[in-house]
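Take a look at the structure set out below.
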2 protein chains.
Amino acid sequence: MPATIRDVARASGVHISTVSRTFSAPHLVNPETRNRVLACAENLGYRPNRAARALITGRTHNIGLIIADIANPFFPPLIKAAESQARQRDYHIFIADTNEDPAAEEDLVHALAKQVDGVLLCSPRMSNSLIEQLSREVPLVVINRQVTGLPAVVMDVGQGARLAVEHLTGLGHRELALLGGPRGSWTNREIRRSATAAARTADAALTVLGPNPPTEGGGIAMAEQVRRSGATAVLAYNDLMAIGLIEGLDSLGLRVPQDISVVGIDDIALSRLTRPKLTTVATPTAAAGRTAVDMLLQHDGSFAARAGRGGGRTTTADDRRTTAQVTLQTELVIRDSTGVGPAAPADRPAAAATADRPGAAPSADPGSRGHADPGDATAATPEVVAS
Amino acid sequence: MPATIRDVARASGVHISTVSRTFSAPHLVNPETRNRVLACAENLGYRPNRAARALITGRTHNIGLIIADIANPFFPPLIKAAESQARQRDYHIFIADTNEDPAAEEDLVHALAKQVDGVLLCSPRMSNSLIEQLSREVPLVVINRQVTGLPAVVMDVGQGARLAVEHLTGLGHRELALLGGPRGSWTNREIRRSATAAARTADAALTVLGPNPPTEGGGIAMAEQVRRSGATAVLAYNDLMAIGLIEGLDSLGLRVPQDISVVGIDDIALSRLTRPKLTTVATPTAAAGRTAVDMLLQHDGSFAARAGRGGGRTTTADDRRTTAQVTLQTELVIRDSTGVGPAAPADRPAAAATADRPGAAPSADPGSRGHADPGDATAATPEVVAS
DNA sequence: ACTTCTCCTGCAAACCTTTGCAGCCAACGG
DNA sequence: CCGTTGGCTGCAAAGGTTTGCAGGAGAAGT
């Protein structure tokens, strides 16, 4: 029923190879012929069969995206950006949700491996060694994790955590708590490491509470422990937990920010909607999604075709596999959930510490529509480390 | 490099067709042989090449899912459920985001058409006629819309809107407003129709405000108009708008629910987290995702293979294409954003009207993990109308 | 002992494209 | 007028799998 290349060839009186070239290498075919073919194709509603193309070229033009939990509002912007970026490059994105289950991650990589040109592994909870092993099966780009030898794009939460701690100590807090995230999270380790260091520098105490599930519930459940810790300010693994914590503290009769300050991480859309509005570390999720797609595509672009007739093609000298690791900057967004602490300097009014980020449109995703500049993503990432 | 069926055949000393059958029709091959083949396959890490399979069977085992805006928290649970259901059936989900742009919808259907076995069209904004036309190109299941002749799964927002209006009038509100959603939305029309009827029945006035963008911003922007309308209670197209509206009213100095009551639709996770907690109409999004996948798969299961050698296979008598339309029930969840109105009976205390749904776990998605019961989705849908 | 089955396996075509190679023609330089 | 070049086009193989058909071996029925 659907028109094939042969139908088009017949209709336009040329050989199928000419039709093929009309689409995949237009410069090789006479403009006149080309137009005729194009017209016939249009006429018949012909669209190249990607399965057949994939079979011979060895490239599926599909990308797998493995996510811990789509329902976590942190991910949708990333997905959206990745999908849009991929589409521009004529790729499609397979999405898969692991429900925060490390075993599911492995299964999914296997399941996707033969069907995609590469996989984006987002905040994986697997072990490094397993990730490395899987990367021999299919090109991988890791997001929010550093695995030696693998291309990665990470958000600099370490820096963010430092900024957050400095913000809090600057407000006069001396007793801090860190609400940890899930076990196995690279991000969690980074935050902890950086927050601990920053607290020490500022001569403040920091209690680490966790690990916890990275959800609102995880935050609610820890309210009591946070109170007992005696901390006057807490940094949470992510916004969801921060919001949950505020909720939990509220039912304990503790007011935020008057009694206790709370800082989240991620700057999900939701953090602007709760009361109080959440002070948080903004992570460039959309940029991360775009960048990851770009890295994957550029990376396996150098593979060229792994198939092709004789297969005897000489591998290009460019086989050095530049596995870059890109670090995206984060930034502190001060809103209403942080206030002065016990050791605050007298001349510092609480209100002075609150100022939302100026011109940030509510959920605009620059570059997700049409004309996105490919250089855009990396332009936002001054710090690029090639390994 | 990757092992092919031929490698396995060689290793196990059988013909490739036997290997093929070992995977696609195990009952046709001698258990002893089968085990040997399986062992070799395992050994070589063989996985069937889906492109090749798709090429000959004509079935890609992929499903397209077209969504207006992944960042809208209404969709992730649906996506998640669909993905999990599809995976159980050995299908993968392509995801695509239209940015609420009707033109993008059409493009995406075309782009996906040749690459998937069917497309799930979620809350499409296109015209009915265009949808019908596209359905001739690729099997379609529509979600949140009714198109004659096409399989659809809709959530009964009409009923939900009625319940919401009854709830409000029962609380003594006589001046209602409806905060409309986006143009082209079937859901929006249903809500409007049903709310209007319910208001008339209860002898209340209802002002329709809209259309508006279905976002928080859309709600905020309408606060002033809502105030001017003189309504003491308002039903919003979705939770996001309701939350935005509350925010907007707040900055106008109007308190919810004391000064004005607000009801949302969808029961997104967020509606439990805002202050006040949102009274809303819960829509079974996860069930919708599962059901839609099931309908698509059952539906085009009857196509059998459209390819196959001679192609002369007699079409089964089961060609009647039972295009069912499934309606999923909605339910009113009363929380804190609605209170008594001017015409309230004296004996009705405001507090009596608030009661959250009992045991609803924060974001649990029953059936999204492993053992989900296939009958589950339809079990939740007593009302099935075959057209 | 011969036929008739049943079970299993092998054979080879077909699915739709891509692509290296070779051939054709016209134009051009000498 | 011949050789060469360059621009297009055709030819045919290859990619990995599925599947109708046919054939072989053994068992069962007569």
Side-chain angles (χ1 to χ4, degrees), chain A residues 1-10 12-37 41 44-61 113-115 304-314, chain B residues 1-37 41 44-61 113-115 117 304-314:
Chain A
M1 187 62 172
T4 82
I5 203 176
R6 229 170 297 269
D7 299 322
V8 180
R10 198 174 316 125
S12 45
V14 298
H15 193 263
I16 58 165
S17 54
T18 303
V19 178
S20 172
R21 274 187 277 258
T22 302
F23 290 96
S24 48
H27 60 279
L28 288 182
V29 35
N30 186 314
E32 197 181 332
T33 319
R34 192 198 310 158
N35 288 335
R36 188 154 34 98
V37 171
L44 274 62
Y46 167 75
R47 283 170 186 277
N49 179 325
R50 298 179 78 128
R53 179 179 292 188
L55 184 56
I56 191 163
T57 61
R59 336 212 56 248
T60 62
H61 268 235
K114 279 289 178 306
Q115 187 157 214
R306 71 168 189 262
R309 172 82 150 274
R313 189 162 327 153
T314 56
Chain B
M1 185 67 172
T4 82
I5 202 176
R6 232 170 294 268
D7 300 322
V8 179
R10 197 174 317 124
S12 46
V14 297
H15 193 264
I16 58 165
S17 54
T18 304
V19 178
S20 172
R21 274 187 277 258
T22 302
F23 289 96
S24 49
H27 60 280
L28 287 182
V29 36
N30 186 316
E32 197 182 332
T33 319
R34 193 197 310 158
N35 288 335
R36 188 156 33 97
V37 171
L44 275 63
Y46 167 75
R47 285 172 185 277
N49 179 325
R50 298 178 79 129
R53 180 179 288 187
L55 184 55
I56 191 163
T57 61
R59 337 210 58 247
T60 61
H61 268 235
K114 279 290 176 304
Q115 188 157 212
D117 294 339
R306 72 167 189 263
R309 172 82 149 272
R313 190 162 327 154
T314 56

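Every chain is numbered from 1, with letters handed out A, B, ... down the list of sequences. Side chains included, hydrogens not; waters and symmetry mates left out as well; all remaining heavy atoms used.
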Base, sugar-phosphate, or nothing: which does B:Val19 touch, judged by heavy atoms less than 4.0 Å apart? nothing
For atom CZ of B:Phe23 and atom P of D:dT18, their distance in whole Å: 9 Å
Say you draw a straight line from OG1 of A:Thr33 to CZ of A:Arg21; how long is it, rounded to the nearest 0.5 Å? 11.5 Å
Between atom OG1 of B:Thr4 and atom CG of B:Asn49, what is the distance when rounded to the nearest 0.5 Å? 9.5 Å
When rounded to the nearest 0.5 angstrom, what distance separates OG in B:Ser12 from CZ in B:Arg34? 13.5 Å
From C:dT9, C:dT17, D:dG16, nucleotide with atom closest to B:Ala52 side chain: D:dG16
Could you state the atom-to-atom distance from CG of B:Leu28 to P of D:dT19 in whole Å? 11 Å
Within the 4.0 Å heavy-atom criterion, would you say B:Ser20 contacts the bases, only the backbone, or no part of the nucleic acid? base
Distance check needed: D:dA14 C1' versus A:Ile56 CD1, whole Å only. 6 Å
Interatomic distance where CG belongs to B:Leu55 and P belongs to C:dA13 [whole Å]: 17 Å
Rounded to the nearest angstrom, tell me the gap between atom CD1 in B:Ile5 and atom C1' in C:dA12. 14 Å
Does the side chain of B:Thr33 get closer than 4.0 angstrom to OP1 or OP2 of C:dC8 through an N or O atom? no
Indicate, with a heavy-atom threshold strictly under 4.0 Å, whether B:Ser17 touches base, sugar-phosphate, or nothing. base
What is the distance, rounded to the nearest whole Å, between atom NZ of A:Lys114 and atom P of D:dT17? 10 Å
What's the spacing between A:Gln115 CD and A:Thr60 OG1 if we round to 0.5 Å? 7.5 Å
Taking the side chain of B:Thr18 as heavy atoms from C-beta outward, which of C:dT9, D:dT17, C:dT17 is closest to it? C:dT9
A:Asn30 CG to D:dT9 P, in whole Å, measures 5 Å
If only side-chain N and O atoms of B:His15 are considered, is one of them under 4.0 Å from the OP1 or OP2 phosphate oxygen of C:dC11? yes
Under 4.0 angstrom, heavy atoms only, what part of the nucleic acid is A:Tyr46 near: base, sugar-phosphate, or nothing? sugar-phosphate
Can you find an N or O donor on one side and an acceptor on the other, under 3.5 Å apart, linking the side chain of A:Arg21 with the base of D:dG10? yes
Would you compute the distance between atom CD1 of B:Ile5 and atom CZ of B:Arg47 and round it to the nearest 0.5 angstrom? 15.0 Å
